[in-house]
Structures are given as C-alpha cells and as structure tokens.
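Structure first, commentary second.
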Number of protein chains: 2
Amino acid sequence: MRILLVEDEPEMVSALRAALKRHDMVVDHAGSLLEAEGFVAVDGYDAILLDRQLPDGDGLTLVPKLRAAGNTTPVLMLTARGDTADKVDGLDMGADDYLAKPFAFEELLARLRALLRRPAAIETQTIRAGHLSLDVGHREASIRGEPLALPRRELLVLEALMRRTGRMVQREALMEAVFGLDDEIQSNALDTHVSRLRRKLSEADGGVVINGIRGVGYLLRETT
Amino acid sequence: MRILLVEDEPEMVSALRAALKRHDMVVDHAGSLLEAEGFVAVDGYDAILLDRQLPDGDGLTLVPKLRAAGNTTPVLMLTARGDTADKVDGLDMGADDYLAKPFAFEELLARLRALLRRPAAIETQTIRAGHLSLDVGHREASIRGEPLALPRRELLVLEALMRRTGRMVQREALMEAVFGLDDEIQSNALDTHVSRLRRKLSEADGGVVINGIRGVGYLLRETT
DNA sequence: CTTTGAATGCGTATCCTACTGGTCGAGGAC
DNA sequence: GTCCTCGACCAGTAGGATACGCATTCAAAG
C-alpha cells in the first residue's frame, strides 16, 4: 500500500509518516507541489494525502492536472479550513474526500481505507488465497483463522502478491510496493524477505507457494 | 444518473428527492431495509444514499450484504450521529462515504459527484490466441487461466508472435524483438527459444502452433 | 529482542554455442 | 513432367558458462 504525502509542515509530516508506517503503509513524501508532480508523473500510488497550503501554491490545483492526465488515484485533501464552501470546491475539483484539521487520526485512517477500497472494489477488504486470509484494512494475516504475525516488510510482500494471486507480479513492481522510492536499497533485500516469507508460509501450511520466475518476477499460487 | 434513496423520514425524503431531481438525477425511494434490498436486487443504481436509522434496523447492515453479493455501487451513509467512532464503523463496513446530519445540501451533492466519478477500469492490455492469453503489462502468460511460467526470452518470442497472430513475423523482426540490438548473437539461439516455446505450448495445450516458413520467418496460428 | 538490509556462497535455470539430422526447393538430366 | 542431387535452411538436442535467485549469516538499527 503506497501513499504519497504532500505536506510541508515538518512535524505534521513526521507524525503522519510514523502513524501510516505503523499501519504498514509505504509513504513517499513531497514537500511542494512541484515535487509532488514529479513523484506522481513517475509512480503509481494507491492514494494521495494532499495538503492545501503548500509553499508554491494551493494543493487543490494539483488535482485537476492529475485528472486531466488520466490519473485516477484517490485524493484525500487535508486543510485547516473546514467550512462547507471549501469542501464543495475541493470535491468538485476532483478530490475524492476532504478532511479538516484538526482531525482524529482514526478518522483519517478510516477514510483512507474507504478510498483505497474503491478502485479495487471487486475484492473485499479481506483477500483470501489457500488457507491464508489477509485483512488489508487491519493489517492482519491469518492461516485457518490462526493469526500469523508478520513483520512489516514481509506483510507488504504478501499483500502485493495476494492482490494478484495466481498472476505475475513483476520484480520491479514488487520492489516499489515494498520499498517505495527508496533507491537506497541495492542488495537482494527483496529476495531475503521473500525467502523469509516463504519459510513462514510453508511452516504454517498456508496452502500457497511463491514461485519465482527468473528475469520476470514472482507469482503466488494456491496449492490445491 | 439513478440514485436509490433509503430513508424513512417523509420530509427528508421529499426534500432530497426534489433537490436531486433538480440536478437531473433519477431517484428511487425505499422506506425500509427490506424494500431497499428488493430494489437493489433488481436494479442497477449509480449510487445509494443510505440512512442509518430505519424502521427495520440499522441501514449500515445493508452494506456488507451488498458487497458480499458482488455489488460495488457507491454508498453514501447519512446519519444523525456524527462522532468519529461512528464514521469509522460506517466506512469499515464498506460504505464509501459518510455524512452527518444536519448537512449542507451542497456538500451532499459534492460528495455524491465525487463518488460517481468512478475510477476507470485499469487498463491491462492482454492479447489472446487459442487458449493462450498474455498480459503484456505484467509479463505474464497463462493458458485457460492457469499461469504459465516462461523465461524472459521465450516470453519475448511469444509476445512478438502473438502481437501478430495469424500473420507472418519476419525472422529479422523477431530477432530484434528478442535480442534487441545485440548483434552479438550469431547463432541459432532464436531457433532454440522457438523450439522450447513450441514444446511448452503443445504440452500445455495452448491451442496454438508456431509454423516456420523457410527463408521468411515464423507465424503463430490458432488450432481451432 | 525483533526487524531489516548488506554480504556471501551455493545451486541451478537460463541462455548461447555447437552439432546432428531433417526438410525443403532449385535446377538439371532424363 | 518426373526424378534425382545438392545446398541451404530449419528443428531439435546436448553441453558448458553465466548470471540469477535462494537461503543463510551478520551487523546495525529501531
């Protein structure tokens, strides 16, 4: 689950980033409109958290640009102002939801979950494969009802794979789903996580296997 | 634009109906959960406005039923209660948005418009031939839904051929598609890949054959 | 203590080369 | 027109080099 956070106030950034990370989301951060445009042009995010007050303009102006470019990523606007006229503006410009500061973080999360559910509305909140089930919203994996404790990175790998059960996930795509834009990772860290995940899944009899396909990527299959 | 309004208070109903009608929306009205289920089962709506307080129960209970039945119609919850915990519940049950009474009608409209802007189906370019299908974007081949693990080079051959199913692909063109501009290859490497691919396709009953035409190139045909 | 990324060594799938046998078609002799 | 011969091209198999992925270990970071 990849989120782009567009916000300039440092303490807000670190607070949100920490909170989102705690919910196992991969967060990229842009401090300005310009930066945000750069990120968005290159990458696919599951959602965008967008502050209105940015150093180089009103965050709201970003949304029509996105939509015009065919980008349908859900956008959740954040703002200090909270009156109705503002909300209407925001939503009409193409934002998908609108949240006024100060807000309860719980509400932010809930709205985010709602947004994230929509594009992939076909699947329910919980994805299943083999004896595995994954509650995407609450970040819980379980095997035959037994909860399975998974570290953050492994969970991200599993989620990315389960979202496409039985279908290919390109190595590159998986990298992005797990590490975001952290190019700093130059090792076989991904392989490591896949490996660890594999072991846990087989030990716990998850009813699935992760196939690796050389030069292409990975593929999670059910062992029926 | 067809809206299902699930609400029991008469004056609310008439007010909303009039207002929505003024914005060129077609409104069906259900006064109870039971009635709503009936409507939903039969008709396709673009969105559902759902009150929580209904004579025969909490409106919220309708949402999981819908989702379980594969219905992905956007749901906008209406409620008198407006605290965060309630919102979280509503959104987690699968509602797409949540609005507390009293609300500004403008905001309702704006949120509704946001919901109705459904994300376009994700374009995944898949080519088909015989029982074969190839997801070009994800670099994945499958036969009758069963994923077929193909190494990189073979996949490239297959892609190049499937892009021109039933038509000739010149040997030279195929070389370039598979090896790029690597002139370093001076052997019959291409033939070996074609050979391996042939075997896999026939073993897995792909419903296609690769014909070789002397002095010209290759040609993928469906064996119908 | 758990989690994570880097580093290491091993095993093997993949890929190119090389070789062999097969097929096709052109051209000439009858 | 028919048949034969020859050469070019193609299909398939085998083998070795390489790169890739896997598992594991280790140290640092939270």
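We name chains A, B, ... by the order of the sequence lines, and we start the count at 1 in each one. If you're wondering where the values come from, they're calculated on a predicted model, not measured in any experiment.
In this structure, B:M175 atom CE and D:dC9 atom P are separated by 14 Å, rounded to whole Å. B:R171 has its CZ atom 8 Å from the C1' atom of D:dC10, to the nearest Å. A:E154 places its CD atom 9 Å from the C1' atom of C:dT3, with the value rounded to the nearest Å. Atom C1' of nucleotide D:dC10 and atom CG of B:L219 are separated by 15 Å, given to the nearest angstrom. Between the CD atom of A:Q170 and the P atom of D:dC20 there is a distance of 16 Å, rounded to whole Å. In this structure, CD1 of B:I213 is placed 11 Å from P of D:dC10, rounded to the nearest angstrom. To the nearest angstrom, P of C:dA7 lies 14 Å from CG of A:D191. Taking atom CG of residue A:L150 and atom P of nucleotide C:dT2, one finds them 15 Å apart after rounding to whole Å.
Not one side-chain nitrogen or oxygen of A:Y218 sits closer than 4.0 Å to the OP1 or OP2 atom of D:dC20. Proximity of A:H193 to the phosphate of C:dT3: no side-chain N or O atom is located under 4.0 Å from OP1 or OP2.
Between B:M162 and B:L132 the shortest side-chain heavy-atom distance falls below 4.5 Å. Within the 4.5 Å cutoff, side-chain heavy atoms of B:M168 are placed close to those of B:V216. Side-chain contact between B:V208 and B:L161 is absent, with no heavy atoms from C-beta onward closer than 4.5 Å. A 4.5 Å side-chain heavy-atom check between A:L49 and A:L108 finds at least one atom pair inside the cut-off.
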Item checked: From CA spacing to verdict: salt bridge (charged side-chain N to carboxylate O under 4.0 Å, His left out), B:R128, B:E222 -> CA-CA 10 Å; B:R128 274 165 230 287; B:E222 314 195 9; over 6 Å; no
Can you list the steps and then say if A:D96 with A:R111 is a salt bridge (charged side-chain N to carboxylate O under 4.0 Å, His left out)? CA-CA 10 Å; A:D96 296 276; A:R111 289 198 177 276; over 6 Å; no
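A heavy-atom distance below 4.0 Å to DNA chain D is reached by these residues of residues 196-208 of chain B, ordered by number: B:R198, B:R199.
Between the CG atom of A:L16 and the CG atom of A:L78 there is a distance of 7.0 Å, given to the nearest 0.5 Å. The distance from atom CG of B:L33 to atom CG of B:L50, rounded to the nearest 0.5 Å, is 7.0 Å.
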Within the sub-3.5 Å range, which N or O atoms of nucleotides 20-27 of chain C have a protein N or O partner, and how far apart are they?
residue	atom	partner	partner atom	Å
C:dT23	O2	B:R214	NH1	3.2
C:dT23	O2	B:R214	NH2	3.3

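Taking the side chain of A:R153 as heavy atoms from C-beta on, and the options C:dC16, C:dT4, D:dT13, the nearest nucleotide is C:dT4.
Salt bridge absent: B:D191 and B:R198 never bring a charged side-chain N and a carboxylate O closer than 4.0 Å.
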